[in-house]
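Take a look at the structure set out below.
Residues take their numbers from the sequence shown, with the count starting at 1. Both ligands and their constituent atoms are indexed starting at 1 by order of listing.
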Amino acid sequence: MSEVRTLVPTVVAALPLPAAEREQVTEVVVVGSGAAGLMTAVALAEAGRTVTVVTKGRLGAGSTPWAQGGLAAVLGADDDAELHVRDTLVAGAGLCDEPAVRTLVAEAPEAIAQLQGLGARLDLDAGGRPALTREGGHSRDRIVHAGGDASGAEVTRTLAAALRARGIAVLEHTVALDALLTADGRVGGLRTARIGDGGALRDVTDLRARAVVLATGGFGQVFTATTNPAGATGDGLALALRAGAEVADVELVQFHPTALWTGSGARGQQPLVSEAVRGEGAVLVDADGARIMAGAHPLEDLAPRDIVSATIAAHLRATGADHVLLDARHLGADFLERRFPGIVRSCRDAGLDLAHEPVPVVPAAHYVCGGVLADLDGRTSVPGLHAVGEVACTGVQGANRLASNSITEGLVAARRCAGVLAAELPAPADVVAPASGGEAIAPAARAAITAATTRHAGVLRDAEGLTELARALAAVDRSNAPLDVAAVEVTALHTVATLLASAALARTESRGCHRRLDAPQPRPEWQVRLVHRLNRTGHVRTRTVPVLAGAPELVVA
Ligand code: SIN
């Protein structure tokens, strides 16, 4: 294990916490209401625990409902767990934790069966079994889907209904500000606030709990264009870091190769064109109709996602074009309407006809492979604090997540985390008053933070740009204004961008989602996790931790 020196001091902001007006007590707080959070809450309630779900928007309004592809699991007659393990390790480019991958693969079919048992209406084949499709990096058809391309929406509908049926308490439009810590550094609850008109914080509450489960998703919003919804601002990761938890692999942000290109001024959440469209036979072409992925990888358009995105980005850089094209015309209008109704609709909304013209696409920030360091049971480095789903870094996703392994991971980890907390919930403990000093990042800084992160830490990176990004982030204005939800989110975005810049600068190689133009090959000495922890002065300390992986082949486009 060794400490990594960063060129620019890595300092993150603490929130100026408003005082609590009241206290509430529950057994377990779950923050976030995507697949992982909802499944954790449902499983805990089934085990007899009292759960409160805290969610920034409406119940189920996170990233999950936007997921098109589906859930990966070994269900096909020609499939085998070893193949799913191998595909995950190969995509993960040497940074997967193999035992965690094996657990994921082994438990995925049961998690999906539970989802069906809760009423999920999956797409079925002629024999009444879940219909399976293929996505990038998979050697077999193993993606379970629903409503054609509405898989995440069906998962959300199912779990939200199960949650309501069990009478689980839900605090909607409520933000988790900071963890409440006991004198010996355990997490004993959260300071929360209701989001009022204009984003003002109301009803500041100390929500005391015997355990806190973060299921807050990713931080795609740190880039100007992302497939993630507006709430994906990294709040959970920043909160965990401030609570003393270790955070890892933040530089490993996966860019989905095919977000619909809606113009060079596109900002915020962009429509996704699922990889399953390529799984069914669509291909990427340039303006002259030449295949982009031919010769770039043996799996061509179904290469792992990092390779497809890097190949597109290199093509855009070389040609000066601002998008490539996805040609699905040969699949036919009837098939496309039936299999991908949502994508056909979003193309139509953008004035495009997927069945009759190649549609413009471009890579966009999609999924964070890193996060709060946790095992697949959700345990983090801080007792009482758990993390499941995208906010967690369990080693399942490695340096590049295999398509449709994320909702599957969310469900598997949720079930395991709930099992652990049902069996071993710690005794309630007194918490100490959180420090109230701190200066949030000014909301006015948001556009500059996202523009600089996009410019310098996108699909292709180099030391010069990353150094400029780190310096720009270190110089960002702080605000003494009363805290509101915009400041909470911008402070989180600044924290994740700061970690991302620092780690991407330190990792002098290309591996998985992390592509350095000035270090284009993977290097064996970098088969490590970059793990960050905050010290008492707000400085981030970073060390490397070796990964024991299952020797996959590393492929760099
Ligand atoms: C997609 O449908 O292409 C996205 C699936 C995923 O992110 O795993």
Side-chain angles (χ1 to χ4, degrees), residues 34-36 62-73 84 87-88 91-92 104-105 108 111-112 122-123 131-138 141-156 217-220 226-229 232 252-260 269-284 293 299 301-309 312 326 328 336 339-347 354 359 361-369 389-390 396-398 400-412 512-513:
S63 292
T64 302
W66 299 97
Q68 295 175 348
L71 296 87
H84 190 183
D87 293 345
T88 303
L104 172 91
V105 168
I112 290 171
L122 303 179
D123 294 336
L132 302 174
T133 191
R134 195 173 298 207
E135 290 181 6
H138 288 276
D141 290 355
R142 65 168 75 97
I143 315 299
V144 173
H145 46 92
D149 55 12
S151 308
E154 179 59 9
V155 170
T156 305
F219 57 73
T226 173
T227 61
N228 296 180
L252 300 170
V253 176
Q254 182 174 77
F255 288 78
H256 195 289
T258 56
L260 199 63
Q269 187 178 14
Q270 303 300 306
L272 179 66
V273 181
S274 175
E275 202 159 87
V277 180
R278 276 174 287 130
E280 300 288 359
V283 291
L284 290 158
M293 290 307 297
L299 293 174
D301 293 87
L302 284 179
R305 209 170 266 182
D306 55 333
I307 291 166
V308 183
S309 286
I312 295 174
L326 182 70
L336 289 169
R339 179 69 181 82
F340 301 115
I343 297 169
V344 167
R345 203 166 39 246
S346 59
C347 287
L354 186 63
V359 298
V361 291
V362 75
H366 183 61
Y367 184 89
V368 184
C369 298
E390 186 175 355
V396 160
Q397 314 299 355
N400 172 55
R401 176 176 63 93
L402 184 66
S404 285
N405 262 356
S406 48
I407 297 183
T408 304
E409 185 197 348
L411 297 183
V412 167
C513 310

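Looking at Ser404 next to ligand 1, an N or O pair under 3.5 Å apart turns up. Inclusion of Gly69 in the set of residues having an N or O under 3.5 Å from an N or O of ligand 1 is warranted.
Legend: residues meeting salt bridge (Lys or Arg N to Asp or Glu O under 4.0 Å) with Arg401, ordered by chain and number and at least two apart, are absent. Under the salt bridge (Lys or Arg N to Asp or Glu O under 4.0 Å) criterion, Asp149 pairs with no residue at all, not counting sequence neighbours.
Proximity to Ala403 (heavy-atom distance under 4.0 Å) selects the following atoms of ligand 1: 8 (O). If you number the atoms of ligand 1 from 1 as listed, the ones under 4.0 Å from a heavy atom of Glu275 come out as 1 (C), 2 (O), 3 (O).
Ion pairing of Arg278 with Asp301 is absent here, as no side-chain N (NZ or NE/NH1/NH2) approaches a carboxylate O to less than 4.0 Å. Salt-bridge check for Arg142 with Asp87: passed, with a basic side-chain N closer than 4.0 Å to an acidic carboxylate O.
Considering Arg305, Glu135, Gln68 only, the shortest heavy-atom separation from atom 6 (C) of ligand 1 involves Arg305. In this structure, of Ala67, Pro257, Ser274, the residue bringing a heavy atom nearest to atom 1 (C) of ligand 1 is Ser274.
Using modelled atom types and a 3.5 Å distance limit, the side chains of Asp306 and Gln254 yield no donor-acceptor pair. Side chain to side chain, Ser406 and Gln397 fail the donor-acceptor criterion of an N or O pair below 3.5 Å.
Contacts between Gln254 and ligand 1 below 4.0 angstrom, taking non-hydrogen atoms only, are absent altogether.
Within the structure, ligand 1 has His366 among the residues with a heavy atom less than 4.0 angstrom away.
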